Amino acid sequence: MKSLILFVFLLILPAEAFRPTLLLGNLIERTCRQTPFYDLCVWSLKTNPESRNADVKKLARIMVDSVLKNKASDTLDLIDELLQDGFTLDPALHKALSSCAERYSVIIGGDVPEIIEALETGDYKFAERGTNDAAMEANSCEVEFPGKSPLTHMNKVVHDVSVVAASIVKIILHSQW
Amino acid sequence: MEASTSHDPERNSAFYAPLPEHPSSGGAPATRSRPLKGFVVILASVVFLLSLVALIINQSQEPLPMPNRVPSASPTSKPASFSEAEPRGVAEGVSAKSNPSLLNEASFNWTNAMFSWQRSAYHFQPQKNWMNDPDGPLYHKGWYHLFYQYNPDSAIWGNITWGHAVSRDLIHWLYLPLAMVPDCWYDINGVWTGSATLLPDGQIVMLYTGSTNESAQVQNLAYPANLSDPLLLDWLKYPGNPVIVPPAGIETDEFRDPTTAWLGPDGTWRITIGSRFNETIGISLVYQTTNFTDYELLDGVLHAVPGTGMWECVDFYPVAINGSVGLDTSAFGPGIKHVLKASLDDTKVDHYALGTYDPVTDKWTPDNPEEDVGIGLKVDYGRYYASKTFFDQDKQRRILWGWINETDTETADLKKGWASLQTIPRSVLYDNKTGTHLLQWPVKEVESLRLNSTVFEEVLVEAGSIVPLDIGPATQLDILAEFEIESLESNTTDEVSDCGDGAIDRSTFGPFGILVIADDSLSELTPVFFRPVNTSDGSLKTYFCADETRSSKANDVFKQVYGGKVPVLDDENYNMRVLVDHSIVESFAQGGRTVISSRIYPTEAIYGAARLFLFNNATGVNVKATLKIWEMNSAFIRPFPFEEPL
């Protein structure tokens with residue numbers, strides 16, 4: 001009898017150990033369901049180890065400080081590369097790339113710090129403003145190109161990540177579940 | 001560029017791999033008796049299997065990231081803009097903030113000339129950098145004071161301090177040094193919004209929100225270092241700050257913007273502070289004090305409205321029914337109503353409602369619960385937020401300030417080096433004729449900027465036509481316009497029931513009005529118009545609108561149609577007053593019953609190319625317009641000339 005109890009007890013223990021992880025997936029999913037890009041949102045958050053045990057405010061911070069900032073930096077790196085090689089003989093292209101470089105510097109050096117300060121101090125409408133602005137900057141960069149844009153994929157990623165971040169901030173403001 | 005992020009299959013499989021070090025079945029010591037060893041082995045295997053099952057269940061909750069899956073790019077043959085399907089903002093659940101059809105136009109370059117043109121001539125703004133909420137406005141020893149949320153380091157919000165400026169007449173402002181900076185633990189993360197109370201003995205008490213070193217929102221007390229200084233240059237913070245901390249049950253980051261205090265019948269003071277309850281109920285808490293350093297939270301709230309979310313910048317003040325002057329914040333008695341106003345954090349809109357205040361229970365009740373705070377009237381139907389009033393004891397007026405944010409990108413703001421304006425201060429009165437609205441009107445002192453004027457009498461503007469108005473320079477104007485309509489057809493039902501998609505949307509009785517900051521070819525224009533609409537009972541309901549959708553060819557600015565209903569009484573014509581000042585337009589309908597503030601960023605209709613037109617895009621009426629138009633001088637807002645004698 002005793003061994004049976006022990007047996008049952010040992011059955012339950014490992015399952016218990018995994019329960020917290022099962023619940024956490026739900027918070028990310030519940031949050032991401034309220035953004036227009038569910039897959040992007042879930043993927044971005046779940047592959048970031050800091051999202052374990054994170055609340056919504058932390059998820060917003062991760063989406064901005066890690067995902068948006070990284071994607072924007074990657075895009076800026078790409079722009080710099082393109083500006084450096086022969087691809088840029090076309091003056092219109094060069095102009096567009098330079099303008100995009102400026103916009104992405106603003107996303108990284110302007111929008112992201114503004115959003116983080118707003119998230120930290122609790123004046124969330126400025127976080128919303130910064131995320132909306134980042135989406136606008138990415139979009140504006142894309143339409144600069146007279147013909148085919150070499151940045152379409154990256155601009156779309158940055159735009160969509162910004163929109164996701166803006167949606168998460170909206171959740172903090174509304175806190176609707 | 002996806003390589004930098006982690007969807008390396010190995011990492012994934014490493015994360016989800018079965019626990020590698022699990023003791024394999026053969027680990028039991030040989031000396032144990034056989035049955036026990038067998039039992040342990042079986043138990044270990046069961047535990048192992050269960051762990052695996054639990055892991056698999058866990059795994060199936062999360063969609064396994066595919067290494068080659070690009071999160072957002074879908075193969076698309078659509079043109080470049082991602083927002084083409086819907087305007088920016090809609091995905092976020094807010095109103096559309098851009099016109100999709102413009103997003104694919106070739107972009108142009110912002111030039112320094114375009115940016116410089118955007119700076120206002122007679123609206124208050126600092127020399128450079130970011131500004132937001134107006135703070136602690138007051139009148140003291142011959143000077144009007146304006147404080148404001150200010151970032152001394154950048155044209156983007158952050159590092160918030162209190163900027164300071166003074167004026168003799170609410171129009172000609174002189175910049176002073178910063179009044180307060182974040183230098184104490186209780187405001188190190190921002191010296192945020194606050195209000196001034198002038199005590200009967202002449203003291204000035206400033207209460208403001210500080211964001212602490214732990215990002216909690218607390219209320220602090222500050223006062224002038226030297227009351228006999230008319231410029232109130234230096235401010236001291238009370239050593240015992242904070243004087244109010246977030247009470248139990250209130251989120252520590254949703255508790256800010258204390259109001260001016262009012263004296264109760266029991267001789268003690270009260271202030272109110274906005275917050276939220278259960279995250280969606282906007283509330284205003286009441287604190288009582290005798291000395292401004294010790295406060296008691298009163299039971300309940302001044303008022304609450306479900307579904308409105310956090311109330312920022314709450315304002316609470318009396319207005320006189322059938323009165324023509326403003327009232328001191330402590331005024332009370334018959335013939336007085338109280339205005340309760342809140343800035344809704346969720347929607348970035350300022351709302352107000354008229355009602356009755358009970359000073360014994362400290363509760364306020366709206367006259368019309370269906371138009372309660374946050375669900376009814378707006379203070380301003382345009383780009384406008386964080387408004388605050390004060391009592392001008394010199395001229396017995398209730399004066400209203402409002403913050404007008406930019407609607408361009410932060411890239412542009414950083415390039416031009418500044419962001420935001422304040423409105424021209426408005427005097428506020430109860431509208432005796434309707435009994436349901438306030439009237440806001442630019443302070444009379446703005447008329448001192450008027451230069452030459454041009455009058456147009458009864459200009460006929462036929463249905464579907466535009467009339468140019470020859471007035472000379474058209475970027476700094478004060479326009480008074482009155483319109484009469486002459487019906488061409490009888491009883492038609494209108495398809496457009498509000499501002500619609502702007503001036504391009506035709507209906508029977510409108511739109512008609514003026515086109516400001518327009519160029520000759522009308523490639524850029526900003527219509528300000530009325531749209532009367534037939535209602536089912538045969539009466540006319542009127543909308544007053546400002547249409548930014550074609551205000552600029554630029555595709556990186558917000559261009560919205562703003563507006564709202566305006567009561568037009570039987571004995572009234574349609575009348576509007578419009579202050580045009582470069583990139584800001586303030587439009588007032590029916591004496592200020594409905595007001596719209598707009599920001600516009602034209603690229604061609606600037607400097608000498610800007611024009612003014614009358615227009616009538618209605619289908620069923622002709623319009624007769626009478627206008628008086630003044631060119632407006634600059635207010636020459638500049639640093640205080642310390643080296644010159646006062």
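Computed from a prediction, not measured in an experiment: that's the story for all the values here. Here is how names work: the chains are called A, B, and so on, in the same order as the sequence lines, proteins then strands, and each is numbered from 1.
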B/Thr409 side chain vs A/Glu137 backbone, donor-acceptor pair below 3.5 Å: no
For B/Thr347, is there any backbone N or O sitting under 3.5 Å from a side-chain donor or acceptor partner on A/Lys125? no
Basic-acidic side-chain contact under 4.0 Å: A/Arg129, B/Asp413: yes
Which atoms of B/Glu312 are under 4.5 Å from chain A, going by heavy atoms: the side chain, the backbone, both sets, or neither? side chain
Measure B/Phe255 against the heavy atoms of chain A and call it side chain, backbone, both or neither at under 4.5 Å. neither
Can you name the nearest heavy-atom pair linking B/Asp408 to A/Asp133, along with the distance? O-OD1, 4.3 Å
Heavy-atom proximity to chain B below 4.5 Å, by part of A/Ala96: neither
Expected output: side-chain B/Glu410 to main-chain A/Gly130 donor-acceptor under 3.5 Å: no
Nearest-0.5 Å distance that lies between atom CD1 in B/Ile156 and atom CD in A/Glu117: 11.0 Å
Taking side chain as everything from C-beta outward and backbone as N, CA, C, O, which of these in A/Lys148 sits under 4.5 Å from a heavy atom of chain B? Side chain, backbone, both or neither. neither
Once you measure the plane-to-plane angle for A/Phe126 and B/Trp403, does it fall in the parallel (<30°), tilted (30-60°) or perpendicular (>60°) bin? tilted
Separation between CZ (B/Phe558) and CG (A/Asn132), nearest 0.5 Å, reads 5.5 Å
About how many Å separate CD of A/Glu144 and CG of B/Asp556, when rounded to the nearest 0.5 Å? 7.5 Å
Which value, rounded to the nearest 0.5 Å, describes the distance between A/Tyr124 atom OH and B/Asp346 atom CG? 12.5 Å
Assert top hit (heavy-atom pairs under 4.5 Å, partner chain B, pool A/Thr121, A/Ile107, A/Asp111, A/Val67) equals A/Thr121
Under 4.5 Å from any heavy atom of chain B, what part of A/Asn48 do you find: side chain, backbone, both or neither? neither
For the atom pair CG (A/Asp123) and CG (B/Asn132), what is the distance rounded to the nearest 0.5 Å? 7.5 Å
To the nearest 0.5 angstrom, please state how far the CE atom of A/Met136 sits from the CG atom of B/Asn555. 8.0 Å
B/Lys348 atom NZ, neighbour heavy-atom count above 12 within 6.0 Å: yes
Checking heavy atoms, do the side chain of B/Ser211, its backbone, both or neither come under 4.5 Å from chain A? side chain
Taking all heavy atoms of A/Glu102 and all of B/Thr411, pick out the closest pair and write down the distance. CG-CG2, 4.0 Å
Examine distances only and state if a side-chain atom of B/Glu254 and a backbone atom of A/Leu173 form a donor-acceptor pair shorter than 3.5 Å. no
Can you tell me if CZ on B/Phe115 sees more than 12 non-hydrogen neighbours from other groups inside 6.0 Å? yes
Examine whether an atom of B/Asn159 lies under 4.5 Å from a heavy atom of chain A, and if so say whether it belongs to the side chain, the backbone or both; otherwise answer neither. both
